[in-house]
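Here the structure is laid out as structure tokens; the discussion comes afterwards.
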Amino acid sequence: MQLRGKVALVTGAAQGLGRGFTEAMLHRGAKVALLDIKVLEGRKTTKELASKYGPDKVLFLPCDVTDKGQMKSAFQQASSHFGQLDIVVNNAGVTEQENWDMVLDINLRSVIHGTLLGLDHMGTDKGGGGGLIINIASMAGLIAMFIGPVYTATKHGVVGLSRSFGTPFHFDRSGVRVCAICPTMTDTAIQPPRVAATPEEQLKADAHWAYTDSQGGLLQVSEVVDGFLQLVEDDSKNGAVMRITKQKGVDYQPYGGGGQGVPYATRKTRSKL
Ligand SMILES: NC(=O)C1=CN([C@@H]2O[C@H](COP(=O)(O)OP(=O)(O)OC[C@H]3O[C@@H](n4cnc5c(N)ncnc54)[C@H](O)[C@@H]3O)[C@@H](O)[C@H]2O)C=CC1
Ligand SMILES: CCCCCC(=O)CC\C=C/C=C/C=C/[C@@H](O)[C@@H](O)CCCC(=O)O
């Protein structure tokens with residue numbers, strides 16, 4: 001998908017990777033609705049981007065992604081304000097917390113809801129023009145980390161959701177591509193979870209961070225953004241799970257058998273059934 005003239009919605013856009021994705025799309029001529037629970041930071045980021053790319057290119061919508069009403073309203077406002085919606089980036093996320101319900105709500109339930117809202121607004125079967133949904137998972141969605149078991153569960157869920165909605169069955173119906181991105185540790189404000197019971201355990205958790213350093217160190221936001229743009233612009237990718245690591249750069253998680261699950265009747269063959 002070429003970004004010029006397109007409209008994107010990004011959750012968790014006030015900082016970190018969400019801000020990186022947002023700025024990269026603005027730089028390529030898109031318009032972006034920025035959603036975030038952090039209102040002051042969101043307004044500050046939006047003001048900075050408006051001064052750089054034009055106030056008509058950005059819209060900040062305060063939104064707690066776990067609040068279904070706020071999400072529905074934000075999607076509606078974004079579509080109405082810009083007149084269309086072409087790309088949804090479900091990016092908002094938090095690391096392991098004592099309150100695992102919240103981690104589940106933010107990292108998985110909200111990504112499910114954001115994906116369904118994206119299909120409602122962009123799906124050709126719903127009167128839309130098709131589009132693209134990119135869900136930000138994590139390498140924790142592909143491997144079993146000892147730190148953050150609930151975080152890991154949510155990210156595995158995001159990968160599975162994206163692969164399922166990224167099958168030809170759903171694309172034939174909606175014209176919307178759905179993919180996931182799985183970066184390793186990236187240099188943002190996100191911190192290792194502080195849930196260790198003892199200092200020794202926290203050392204192990206921090207060591208995992210250090211281990212990543214030994215693997216070439218933290219990714220920079222720009223490295224993840226480069227992979228993101230590659231996925232946006234490659235229309236052949238649907239149901240793809242992009243991995244971004246310091247050691248190997250950008251590649252795709254291989255799945256046996258095409259990973260598309262059981263065959264199904266396409267729109268053409270269905271008509272003959
Ligand atoms: N930084 C890293 O090492 C990695 C991060 N990721 C994922 O990338 C995504 C972005 O993470 P970062 O930019 O690193 O984190 P960050 O903490 O810098 O930014 C996350 C943004 O999401 C927003 N947010 C949190 N809860 C929200 C809610 N309920 N409603 C609306 N907005 C909310 C925050 O206000 C913040 O602006 C997350 O899904 C994270 O799991 C994946 C792999 C590596
Ligand atoms: C629980 C807090 C995590 C918050 C932020 C993240 O999501 C960090 C990324 C999560 C896991 C990273 C794992 C990194 C593993 C490295 O060893 C890497 O080299 C593994 C590469 C695996 C592969 O290439 O298949």
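Heavy atoms only: backbone and side chains are in, while hydrogens, waters and symmetry mates are out. We count ligands from 1, going down the list as the structure has it; atoms in each ligand are counted the same way. Being a predicted model, the structure only gives us computed values, none of them experimental.
Assignment of Ala13 to the shell around ligand 1 is not supported, since no heavy atom sits closer than 4.0 Å. The closest approach between Lys155 and ligand 1 falls below 4.0 Å for a heavy atom of the residue. Using a 4.0 Å heavy-atom cutoff, Leu35 is absent from the residues neighbouring ligand 1.
Close approach of ligand 1 to Gln15 (heavy-atom distance below 4.0 Å) involves ligand atoms 16 (P), 17 (O), 18 (O), 19 (O), 36 (C), 37 (O). Those atoms of ligand 1 with a heavy atom of Asp64 less than 4.0 angstrom away are 28 (C), 29 (N), 30 (N). Every atom of ligand 2 is numbered from 1 in the order shown, and the set under 4.0 Å from a heavy atom of Pro183 is 9 (C). Proximity to Ser138 (heavy-atom distance under 4.0 Å) selects the following atoms of ligand 2: 6 (C), 7 (O), 9 (C), 10 (C). Close approach of ligand 1 to Met185 is summarised as follows: ligand atoms under 4.0 Å from at least one heavy atom of the residue are 3 (O). Close approach of ligand 1 to Ser138 is summarised as follows: ligand atoms under 4.0 Å from at least one heavy atom of the residue are 42 (C), 43 (C). Of all the atoms in ligand 2, the ones that sit under 4.0 Å from a non-hydrogen atom of Ala140 are 10 (C), 11 (C). Each of the following atoms of ligand 1 lies closer than 4.0 Å to a heavy atom of Gly16: 13 (O), 18 (O). Close contacts of ligand 2 with Lys248, meaning ligand atoms under 4.0 Å from a residue heavy atom, involve 24 (O). Those atoms of ligand 1 with a heavy atom of Cys63 less than 4.0 angstrom away are 30 (N), 31 (C). Heavy-atom contacts of Ile136 reach the following atoms of ligand 1: 7 (C), 8 (O), 9 (C), 39 (O) (cutoff under 4.0 Å). Under a 4.0 Å criterion applied to the non-hydrogen atoms of Ile143, ligand 2 contributes the atoms 13 (C), 15 (C).
When Ala140, Pro183, Ala137, Pro62 are ranked by how near their heavy atoms come to atom 7 (C) of ligand 1, first place goes to Ala137. Looking at Lys155, Arg243, Glu96, Gln247, it is Gln247 that brings a heavy atom closest to atom 18 (C) of ligand 2. The residue among Gly141, Gly148, Cys182, Ala92 with a heavy atom at the shortest distance from atom 24 (N) of ligand 1 is Ala92. Across the listed options Ile106, Asn91, Thr66, Ile181, Asn91 owns the non-hydrogen atom lying nearest to atom 9 (C) of ligand 1. Nearest-heavy-atom check against atom 44 (C) of ligand 1 across Thr184, Thr188, Leu219 picks out Thr184. When Val65, Leu34, Leu218 are ranked by how near their heavy atoms come to atom 28 (C) of ligand 1, first place goes to Val65.
The two residues Leu108 and Thr154 have their closest heavy-atom pair at CD1-O, 3.9 Å.
In the hydrophobic clustering of this structure, Leu3 does not group with Val88; members are Ile, Leu, Val, Met, Phe, Trp, Tyr whose side-chain heavy atoms approach within less than 4.5 Å, directly or through other members. Cluster membership for Val89 and Phe165, using ILVMFWY side-chain heavy atoms within less than 4.5 angstrom, is not shared. Note on Val7 and Leu61: same hydrophobic cluster, where clusters join Ile, Leu, Val, Met, Phe, Trp and Tyr whose side-chain heavy atoms are under 4.5 Å apart, directly or indirectly.
Note that the NZ atom of Lys155 and the CD1 atom of Ile143 stand 14.0 Å from one another [nearest 0.5 Å].
In this structure, Asp226 and Val250 have side chains that are not in contact, with every pair of non-hydrogen atoms separated by 4.5 Å or more. By the 4.5 Å heavy-atom criterion applied to side chains, Thr45 and Thr22 are not counted as neighbours. For the pair Gln15 and Thr188, the minimum side-chain heavy-atom distance is 4.5 Å or more. Considering only heavy atoms from C-beta on, Val241 comes within 4.5 Å of Arg163 through its side chain.
Remark: ligand 1 and Ala14 share no N or O pair separated by less than 3.5 Å (distance only, no angle test). Not one N or O of Thr245 is nearer than 3.5 Å to an N or O of ligand 2, by distance alone.
With respect to Glu48 and Lys52, no salt bridge is recorded, no charged nitrogen being found less than 4.0 Å from a carboxylate O. Taking the charged nitrogens against the carboxylate oxygens, Asp235 and Arg177 do have a contact shorter than 4.0 Å, which makes a salt bridge.
Of the options Ile133, Leu161, Ile134, a side-chain contact (heavy atoms from CB on, under 4.5 Å) to Val178 is made by Ile133 and by none of the others. Under the side-chain hydrogen bond (donor to acceptor under 3.5 Å, both in side chains) rule, Ser162 has a single partner from Asn238, Asn135, Asn90, which is Asn135.
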Could you please spell out the steps behind the side-chain contact (heavy atoms from CB on, under 4.5 Å) verdict for Ile106 and Thr66? CA-CA 6 Å; Ile106 296 169; Thr66 68; 3.5 Å; yes

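With a 4.0 Å heavy-atom cut-off, ligand 2 is reached by the backbone of Thr184 and by its side chain too. Residue contacts with ligand 2, taken as heavy atom pairs separated by less than 4.0 Å, do not involve Leu142 at all.
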